[in-house]
Amino acid sequence: MSGSGAPGPGAAPCRFAHYFVLCGIDAESGLEPDELAVLYKWLEADLHGKSSDTANKASGENFDQSPLRRTFKSKVLAHYPQNIEWNPFDQDAVNMLCMPKGLSFRTQADNRDPQLHSFIITREDGSRTYGFVLTFYEEVTSKQICTAMQTLYQMHNAEQYSSVCASSSCSMDSLASSIDEGDATSLAKLQRYNSYDISRDTLYVSKCICLITPLPFMQACKKFLVQLYKAVTSQQPPPLPLESYIHNILYEVPLPPPGRSLKFYGVYEPIICQRPGPNELPLSDYPLREVFELLGLENLVQVFTCVLLEMQILLYSQDYQRLMTVAEGITTLLFPFQWQHVYVPILPASLLHFLDAPVPYLMGLQSKEGTDRSKLELPQEANLCFVDIDNHFIELPEDLPQFPNKLEFIQEISEVLLQFGIPPEGNLHCSDSATKLKNLVLSDLVNDKKNGNIPGNALNMYELLKGNETIARLQALAKRTGVTMEKVTITAPLAEKEKDVKLQCEEVELRDYKLNVQLREVFANRFTQLFADYEAFVIQAAPDLESWLTNREQMQNFDKASFLSDQPEPYLPFLSHFIETQMFATFIDNKIISQWEEKDPFLRVFDSRIEKIRLYNVRAPALRTSNYQKCSTLKEAAQSIEQRLMKIDHTAIHPHLLDMKIGQGKYEQGFFPKLQSDVLATGPTNNNRWASRSATTQRRKDRLRQHSEHIGLDNDLREKYMQEARSLGKNLRQPKLSDLSPAVIAQTNSKFVEGLLKECRMKTKRMLVEKMGHEAVELGHGEANITGLEENTLIASLCDLLERIWSHGLQVKQGKSALWSHLLQYQEREEKQEHSAESPVAVGTERRKSDTGITMPTLRVSLIQDMRHVQNMSEIKTDVGRARAWIRLSLEKKLLSQHLKQLLSNQPLAKKLYKRYAFLRCEEEREQFLYHLLSLNAVDYFCFTSVFTTIVIPYRAVIIPIKKLSNAITTSNPWICVSGELGDTGVMQIPKNLLEMTFECQNLGKLTTVQIGHDNSGLLAKWLVDCVMVRNEITGHTYKFPCGRWLGKGVDDGSLERILIGELVSSTSDEELGKQCRTPPQQKSPTTARRLSITSLTGKNTKPNAGQIQEGIGEAVNGIVKHFHKPEKERGSLTILLCGENGLVAALEQVFHHGFKSARIFHKNVFIWDFIEKAVAYFETSDQIGDNEEALLLQRSSCKTFCHYVNAINTAPRNIGKDGKFQILVCLGTRDHLLPQWIPLLAECPLITRMYEENALLRDRMTVNSLIRVLQTLQDFNIVLEGSLIKGVDV
C-alpha cells in the first residue's frame, strides 16, 4: 500500500476502517499450487546448491507432503470500497498477509478452530496501515475441487508406494521379506492417517475476513470480526443482513478523536474503543501482558536492548498473532524513539530472502511444526538476536552492553507485573497445554448449553470464581480466541446476563489497558531520566530548514562527546552505542526540524515530560547521578484510561437496513454470504457531524502546506530531501510485499549494495574526522572531541558493518561469522599451496645493513600471520570474537584495506562462497569500499593493544650504538627493562656481544620508557648508545628511545644506567621502515636539549635565548595541565610530558643551563647536579638569616626537604649519572608539589654568583618569580610517576 499519507478531501481519513476484505479459494480457477511457496522452495534449493529442476519438480507438485498439508493459492475474493485515494488497495500484499501460507484444507477429523491474527503494512514513507484477520474453515461445496483433492491423494499414495517399494527392492535379499511386511503395514498406516475419501469425508477450506484500519484498534476489530463470524455460524440469522454491519463500520463509524472514547455496534453487542489524548503515550492496543508472559521479563529487557541498539531481530513462533504481539509490544516500548529500519512482523514464506538483508531488521518468521532452531539456515548471525517465542528462549549477539540500571529497572517492572498477578519470569502455561485445556472447558460448556443442561445457579458459581486469578486468565484466553463467556449464562434472566458478561469482559480488558499503560510509563520514564538534558547537546547549526536539509550529511547535530562525558560511568557502554543509532539520529533530526515545523507528536509528548521533571525536581542539569528514579505517574495514567472507558464520549450511528435487493444475501448457516457490492462500494452521501470537523482540520492542513510551500520548498522536493536526509545508512526502509519477480529481487539487492557502500563511506569518514580532530588537538589545533569510549563504539560498528557486508549474498552459511569463515577458507587454501611449493622462501628476514651494521629486521606483512596471532589468543572463544580481533589488529597495523583486498583477490574462492549479486562480487562497489577503508590508514589506532590487555606478546629490542665514537660491543654485562602503560618487563640481561634480543611478556600497552645500563666490568666498559628500538611483533608498532649518551664511569656524567623516553616511529612502507631504523645522522641523534652538557661531542651548539627558554617552560607546564583536563581514559603518557623531548625536565634543564659556567679548565665538565650538591652542602652547614620568624621557619623546612630529597637520590642503589639524578629530582619535586619552594632557595643561594654568569635567568629576580608562578599551576594535580623513573629512590 504505497501512496502519500496526505488525506484526500472530505471526511474519509477520519473513518475507523478503510477496507473490509474477504480472502479464500477462487472456485473458478480451482486448486493452484501456491507459486510464492514454490518460489521460496526454489530459493531454498538454490541455497543448498541443488539443481533447480529437481527443486521445481518437487515443489510444483510437492509430492513429499500429503495434499491436505500443501499450500494452495488464495485470492482476494472481494474488498470494499474498491479504492481510497489516500490509501490505495494493494491486492497482492493484502492477500499475502491475510493468508501468509496460502489456503489450507481440513477434513471433519481435523481441528478447525477459527484463528485471529493481525498484520501491518509499512509504506515507503514509513507510515503504517494495520490489518486484522479472522481465518475460519468453510465446507467446500464445489464438486470439482473435492474430486481434484481425491485425485491428488491417489497420485500422492501411488508416489509414496513406489518410493517404498524402490527402497525395499534394493535392499539385501535376505532382509527383503521382513522389510516388505514392515512396509506394507507402514503404507497402510500412511493411507489411514493421510487420506481423503470423497464418499466418506467432508472437505473444508480456509477463508478469512479482514478489516484494514489506519490505527491499531486491535481489541475493537477483533470483537467486530468475532461477532461477524458468530453471525455466520449461529443457527438463527443475524438481526440485519451482514452488509448493514460492514457498511456501518466502513462509512459510519468515525475514528475516536484523541483523548476520547467511542462506542459503535457489532452484530450482537456494542464495542468500545478509546484513544489517548495529545499528551499521553501514543495508542497501543496489543496486550503487553502477553508479551511478558511469552518472553519473561529478563528476556524481554535483553531483546529490548537489542532493538534499541539496532541489531537484527528475528522473532520465531508458530502463531502469527504472537509474532505480531511481540513485535508491536516491543516497538511500543521504544517511545520516544521509533524503529527506523525494515519492519516485517510476519514474513511470508515467499519473502524469506529478506533475511539476507545486510541491514538492521525486525522480522517475524513462522516456525513449521516440528522444526527446531538448528534446522533454520540464517545467512548472518554475528549480530542476530534470535527470539524463539514458543520455547521462551533467546540467543543474543556477543558483547551486548547492559541497559542502564538494568537490575533496578527489572525490579520496578516486576512490581507492576506482580500487582496484576503476572509472574515476572513469564508464563509458559499460556502455551499449548493451557490452550487445549481452555478449549476443552469451553467446548464442554457450549455443548451443555445446546442440551439445556446448565442449572440455573451456574451464575453464582461464576460469581464465586470471578476473583480467582486462574479463572480470570482463562477468561482472558477464552476471549482472545473469540469464545465469549456469554454462552454460559444463557438460562439466567436477561438483564443479569447482560450486566455480568459486560462486567467480565470489561474487567479483563480494563486490566489489560491499565497494565499496558503502566508498563509503558515505566519504560518511558527510563528515557526521560536518561535523556533529561538532551536539549543542551543538540547542535542548532542551520539558519533555516532548506539549508539544514541540503547540508544534513555534513552536519554534526548532537555533541556526543560532551553528552557522554556528562553520564555516569556504568551507562557509557550502552549510551555510546545508542547515540550512534538511526533511531537516535532521527529523534535529534526531529528536534532540530521542530524549530521550523510542527513538532513530531512523539517528541512533543517527550519534551513535555522533561519539562515536568524539571518543574518537580529542580536539579542542576550538570549533576548526573546514576541514582535510579522510579516512575511516579502510574496511577494518573491508569485513571485517565479508566475514566474514558467508564464515560463514553461518542456513540456512532447504529447499523441500519440498507437499500438492498430482496432475496440476495440469503442466510445459510456456516457459509459466509456473497455480499452485495453495490451497497458497500460507497458511503452515505450526507456528510454527518464528524465530516465538518475534519473539513476544518483539512483547511488548517492546507493552510500549513501553502505556508511551507511559500517558504520556498515544494512539498515533494522537501519530502525527497527529508527521505534522503533520513536514509543515511538505511536505503531500504521496507520491502515491497507484492511484486516478487527476479528483477525486483535483483533491484532490492542492488539497493542493499548501494546502502552498504554509503554506510561504509559515512562510517570511515566519521572515524577519520573524529580521530583527526583528536590528533589535531595533540598538535595544538582546536579541541578534541573523541573519547576512547566513542572510538571503541565506532570501531565496534565498523566490525558490525564488515560482518553484514560479508554475509550479504552468501551461498552456504558456515559458522556464526561470515568474515571469519571466509578467512579460514582462504587460510586453508594458502597453506595447501605453501606445502605444495618445494622450497619455501623466507620473506623479509634479510636485514638491511646500515652503516652500523645493526637495524631492526623488517616485519613480514602477512594476512595469514595476523590470523595466526588471533588464533593463538586463548582468551577469545568464538568466531565472531576472532573476526573482531582480526579487524582491530589489521586496523592498528594500517593493513585492513590491504588484507581485505588480498582476501578478495582469490576470485575462485569468492565465487564459491558468494552469489552473483553479493556485495563482494560487485567490482566497482568493492573497489570503492576498499578505498574508503584505506583512508583509515591516515590515523593511528591502538584498538587492538588497548582492548586485549592480558595477552602475551612477543617483543624485539635492538640497541644501536654510535660506532664511530665507541666500541659497538661492550665487555660489561648490559641489561634492559622496558615499561609501558600497562606494566614493565623487569630487568632482563642482554646476551653478551648481542645487540638484539626477543622476549615475550604480557601486553605492556603503549611503550613509555626503557631503562638501559651495564655493570661496568671488563676492559671496554664505556658504551656510547645512540638509541634503543623496541617493536611489538604482533602489531608491528616500533618505538624509538633516543639516548645519544655514554654509559660508563668517568665519561660523560658518569652514568651506568639511563632512563630513555620512547616515541612511536610512524610506520610507512617497509622500505621506509628500513631507512628509519638506520642510525640517524650524528647531529640528529639525541635531541639538542639533551646534548647541551656534552660539549665534547657536539662542538658548538646553538643555545636557545632567554625568551625561548621561558616559552619552553610555559609549553611544558601547559601540556601537563591539558593532560589532566582530559577524561581519565583518554590521557596519554605523563612520562613523556615530564621527561620527553619538550617535557618539563628538559625545559628546567634549559633554565639551569642558561648562563651556567660549565666548561672548566682541562675540559672537565661541570653538571647542574654539581651545583645542586654544592647547594645542599651549603644549606646543611649554614644558618639562614630571615627577616621574620615565619619566613625563616618556612625556608628552613624547604631546605630540609630539599636536602633530604637530594641525599636520597644520591644514596639510591642505582648507577644513575648526574643528569639522570637531576631528572629524578624534578620528577619528585613535581609529584610532591615542591618545585615552587625549591627554586627560590637555589636562586638565593650565594653559590649562584660563583657558578652562573651575570645575565643568567636564575639570577634575574623577575624571571624566577614568573617561573615560580607558572610552576604553581601544577599544585592541584595528583601526579603519579611511572615506577621506572624513581625506582630505588626512598624519600
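Just so it is clear, the structure is predicted and the values come from calculations on it, not from any experiment.
Within the 4.5 Å cutoff, the side chain of Leu1007 has heavy atoms near those of the Val978 side chain. Looking at Leu1004 and Tyr955, their side chains come closer than 4.5 Å, going by heavy atoms from C-beta outward. Within the 4.5 Å cutoff, side-chain heavy atoms of Leu1258 are placed close to those of Val1151. Contact of the Asn1210 side chain with the Val1206 side chain is registered, since non-hydrogen atoms from C-beta on lie closer than 4.5 Å. The closest side-chain heavy-atom distance from Met1029 to Val1065 is below 4.5 Å. Put simply, the side chain of Cys977 does not reach to within 4.5 Å of the side chain of Met988, judged on heavy atoms. Looking at heavy atoms from C-beta onward, Val958 lies out of side-chain contact with Leu995 at the 4.5 angstrom threshold. Two residues are said to be in side-chain contact when any heavy atoms from C-beta on lie closer than 4.5 Å; Asp1219 and Gln1223 fail this criterion.
Across Ile1136 and Gly1062, no two heavy atoms sit closer than the pair CD1-O, 3.6 Å. Closest of all the heavy-atom pairs between Ser979 and Gln1011 is OG-NE2, 4.1 Å. When all heavy atoms are compared, the tightest approach of Gly1005 to Thr945 is CA-CG2, 3.7 Å. Nearest heavy atoms, Trp1238 versus Ser1198: NE1-O, 4.0 Å. For Leu1047 against Val1025, the heavy-atom pair with the smallest separation is CD1-CG2, 3.9 Å. Looking at every heavy atom in both residues, Leu1060 comes nearest to Pro1042 through CD2-O, 3.7 Å.
Considering only residues two or more places apart in sequence or on other chains, Glu875 meets the salt bridge (charged side-chain N to carboxylate O under 4.0 Å, His left out) condition with none of them. Scored by the side-chain contact (heavy atoms from CB on, under 4.5 Å) test, Asn1207 finds Val1176, Glu1180, Cys1203 as partners (sequence neighbours excluded). A search for ring-ring contact (aromatic ring centres under 6.0 Å, His included) contacts involving Tyr1039 returns nothing, not counting sequence neighbours. Under the ring-ring contact (aromatic ring centres under 6.0 Å, His included) criterion, Phe1171 pairs with Tyr1252, not counting sequence neighbours.
Atoms CD and CZ, on Gln1195 and Phe1179 in that order, are 8.0 Å from each other to the nearest 0.5 Å. Atoms CG and OG1, on Leu1144 and Thr1230 in that order, are 5.0 Å from each other to the nearest 0.5 Å. Here Tyr1205 contributes atom OH and Lys1200 contributes atom NZ; the two are 13.5 Å apart, rounded to the nearest 0.5 Å. Going from atom CD1 of Ile953 over to atom CD1 of Ile1034 covers 5.0 Å, rounded to the nearest 0.5 Å. Distance OG1/Thr985 to CD/Glu1000: 13.0 Å, rounded to 0.5 Å. We find the CG-CZ distance between Leu1234 and Phe1202 to be 10.5 Å, quoted to the nearest 0.5 Å.
Using modelled atom types, one side-chain atom of Asp1170 and one backbone atom of Phe1167 make a donor-acceptor pair closer than 3.5 Å.
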Trace of the side chain to side chain contact (heavy atoms under 4.5 Å, CB included) decision for Val1030 with Thr1038: CA-CA 6 Å; Val1030 182; Thr1038 306; over 6 Å; no
Side chain to side chain contact (heavy atoms under 4.5 Å, CB included) evaluation trace for Ser1055 with Arg1045: CA-CA 9 Å; Ser1055 177; Arg1045 310 272 302 253; over 6 Å; no
Ile960 vs Val1028, side chain to side chain contact (heavy atoms under 4.5 Å, CB included): CA-CA, chis, key distance, verdict: CA-CA 6 Å; Ile960 300 176; Val1028 177; over 6 Å; no
Salt bridge (Lys or Arg N to Asp or Glu O under 4.0 Å) assessment of Lys1157 paired with Glu1253: CA-CA 7 Å; Lys1157 302 173 178 173; Glu1253 320 259 345; 5.9 Å; no
Residue pair Leu1138, Val1226: steps toward the side chain to side chain contact (heavy atoms under 4.5 Å, CB included) verdict: CA-CA 9 Å; Leu1138 287 170; Val1226 173; over 6 Å; no
Worked check of side-chain hydrogen bond (donor to acceptor under 3.5 Å, both in side chains) between Asn1142 and Glu1115: CA-CA 8 Å; Asn1142 300 315; Glu1115 281 184 4; over 6 Å; no
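Salt bridge present: Arg1214 and Glu1057 bring a charged side-chain N and a carboxylate O closer than 4.0 Å. Ion pairing between a basic and an acidic side chain is recognised when a charged N comes within 4.0 Å of a carboxylate O; Lys1221 and Asp1053 show no such pairing. A salt bridge does not link Lys1040 with Glu1063: every distance from a Lys NZ or Arg NE/NH1/NH2 to an Asp or Glu carboxylate oxygen is 4.0 Å or more.
Atom CD of Gln1108 is surrounded by more than 12 heavy atoms from other residues, nucleotides or ligands within 6.0 Å. Heavy atoms from other residues, nucleotides or ligands lying under 6.0 Å from CZ of Arg1261 number 12 at most.
A ring-ring contact (aromatic ring centres under 6.0 Å, His included) check over residues 1269-1291, counting only residues at least two apart or in different chains, returns the pairs Phe1124-Phe1277.
With ring centers used as reference points, Phe1222 lies under 6.0 Å from Phe1152. In summary, the aromatic rings of Phe948 and Phe944 are positioned with their centroids under 6.0 Å apart.
Between Asn1016 and Trp1023, the side chains place no donor N or O within less than 3.5 Å of an acceptor N or O (distance only, hydrogens not considered). No side-chain N or O of Asn973 forms a donor-acceptor pair with one of Gln989 less than 3.5 Å apart. Using modelled atom types, one finds a donor on one side chain and an acceptor on the other under 3.5 Å when comparing Glu892 with His1037.
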May I have the list of side-chain donor-acceptor pairs in residues 1279-1291 shorter than 3.5 Å, sequence neighbours left out?
| residue | atom | partner | partner atom | Å |
| --- | --- | --- | --- | --- |
| Glu1282 | OE1 | Thr1008 | OG1 | 3.0 |
| Glu1282 | OE1 | Thr1135 | OG1 | 2.6 |
| Glu1282 | OE2 | Thr1008 | OG1 | 2.8 |
| Glu1282 | OE2 | Thr1009 | OG1 | 3.0 |
| Glu1282 | OE2 | Ser1284 | OG | 3.3 |
| Ser1284 | OG | Thr1009 | OG1 | 2.9 |

